[in-house]
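Source: prediction; values computed, not measured. Excluded from the calculations below are hydrogen atoms, water molecules and symmetry mates; all remaining heavy atoms, backbone and side chain alike, are included. Here, residue 1 is the first one in the sequence, and each next residue gets the next number.
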Amino acid sequence: MYEIKKTFEINAAHFLTLDYPSKCAELHGHNWRVTVYLRSAELNANGMVMDFTEIKQRITAKLDHKVLNDVVDFNPTAENLARYICGELAPFCYRTDVRESEGNTATYWKPDEDIPRCTCGYNL
């Protein structure tokens, strides 16, 4: 089983739709720090789970320097963004950490049954 981890930054704005009064309902921006974890039993033809550059480009092309509410069709909380990013790196991504600001991080874990497992016969 192979595992890789990539950390990168996205600069983007958003506002939240909430059922209580909050300053986060106003348009504001973050320097989001994203860490993704990918796993695969086999490597691709280039000897990688996925190229680190491709990982970053897949996400930043869609989200970097954007108003997230204009890009996604859900309330762009850190939790929802973590799940979205994990899905964009399917099938290999199984965990995503999205740090909105210092001290505020959301993590999404893909359900275990959806994580690619080693087919080599070993219990990894």
Side-chain angles (χ1 to χ4, degrees):
M1 183 64 71
Y2 300 93
E3 181 175 81
I4 61 172
K5 175 175 122 175
K6 170 76 175 163
T7 300
F8 54 94
E9 193 168 275
I10 296 169
N11 300 292
H14 73 152
F15 59 88
L16 300 180
T17 303
L18 304 168
D19 62 2
Y20 57 91
S22 172
K23 64 183 181 179
C24 294
E26 299 296 326
L27 182 65
H28 62 285
H30 296 285
N31 296 326
W32 308 83
R33 180 170 297 272
V34 176
T35 303
V36 294
Y37 301 79
L38 288 76
R39 181 183 295 158
S40 180
E42 298 179 11
L43 300 178
N44 66 21
N46 296 310
M48 304 174 192
V49 173
M50 184 183 289
D51 187 287
F52 290 119
T53 301
E54 179 184 356
I55 293 169
K56 182 178 178 183
Q57 287 176 341
R58 276 195 191 188
I59 306 307
T60 59
K62 294 181 180 182
L63 303 179
D64 194 40
H65 286 81
K66 304 281 192 318
V67 176
L68 298 177
N69 303 74
D70 296 341
V71 177
V72 298
D73 62 353
F74 53 82
N75 198 19
T77 62
E79 294 88 342
N80 283 332
L81 288 170
R83 182 176 184 192
Y84 171 81
I85 291 167
C86 193
E88 291 296 302
L89 298 172
F92 304 111
C93 187
Y94 68 92
R95 174 183 169 186
T96 307
D97 299 331
V98 174
R99 191 186 84 181
E100 182 177 87
S101 58
E102 187 66 36
N104 297 319
T105 302
T107 299
Y108 174 77
W109 289 83
K110 185 187 274 187
D112 284 344
E113 63 271 9
D114 294 337
I115 300 171
R117 294 289 180 195
C118 180
T119 58
C120 59
Y122 295 102
N123 186 13
L124 298 179

What's the verdict on side chain to side chain contact (heavy atoms under 4.5 Å, CB included) for Y108 and V98, showing C-alpha distance, side-chain angles and the deciding distance?
CA-CA 9 Å; Y108 174 77; V98 174; over 6 Å; no
Indicate yes or no: at least one non-hydrogen side-chain atom of T96 is less than 4.5 angstrom from one of T107.
no
Check the pair V34 / I59 against side chain to side chain contact (heavy atoms under 4.5 Å, CB included), numbers first and verdict last.
CA-CA 10 Å; V34 176; I59 306 307; 5.5 Å; no
Atom SG of C86 and atom CG of L81: how far apart are they, to the nearest 0.5 Å?
12.5 Å
Is the closest side-chain heavy-atom distance between K5 and T35 below 4.5 Å?
yes
Side chains of E100 and H14: closer than 4.5 Å at any heavy-atom pair?
yes
Less than 4.5 Å apart, any side-chain heavy atom of Y84 and any of L63?
yes
Compare every heavy atom of P76 with every heavy atom of V72, then report the nearest pair and how far apart it is.
CG2-CB, 4.2 Å
Applying side-chain hydrogen bond (donor to acceptor under 3.5 Å, both in side chains), name anything that partners E9, two or more places apart in sequence or on another chain.
none
So, D64 side chain and N11 main chain: donor-acceptor pair closer than 3.5 Å or not?
yes
Give a yes or no on whether F74 atom CZ has more than 12 heavy-atom contacts from other residues, nucleotides or ligands under 6.0 Å away.
yes
Value for CD1 (I10) from CG (N31), rounded to nearest 0.5 Å, stands at 10.5 Å
Residue pair N46, D51: steps toward the side chain to side chain contact (heavy atoms under 4.5 Å, CB included) verdict
CA-CA 9 Å; N46 296 310; D51 187 287; over 6 Å; no
Nearest heavy-atom approach of L27 to A13 is CD1-CB, 3.9 Å
F15, CZ: over 12 other non-hydrogen atoms inside 6.0 angstrom
no
Between CE of M1 and CD of E42, what distance do you get to the nearest 0.5 Å?
10.0 Å
Using atom types as modelled and distance alone, determine if a side-chain donor or acceptor of K110 lies under 3.5 Å from a backbone N or O of C93.
yes
K66, NZ: over 12 other non-hydrogen atoms inside 6.0 angstrom
yes
Do the non-hydrogen side-chain atoms of F92 and N44 ever get within less than 4.5 Å of each other?
no
Pairwise distance CG(D97) to CZ(R33) - rounded to 0.5 angstrom:
11.5 Å
Heavy-atom pair of closest approach, residues M50 and I4:
O-CD1, 3.4 Å
R95, CZ: over 12 other non-hydrogen atoms inside 6.0 angstrom:
yes
To the nearest 0.5 Å, what is the distance between CD1 on I85 and CH2 on W32?
8.5 Å
Measure the OG1-CG distance between T17 and N75 for me, rounded to the nearest 0.5 Å.
4.5 Å
I'd like to know if E54 pairs up with R58 as an ion pair, taking the criterion as any Lys NZ or Arg NE/NH1/NH2 lying under 4.0 Å from an Asp or Glu carboxylate oxygen.
yes
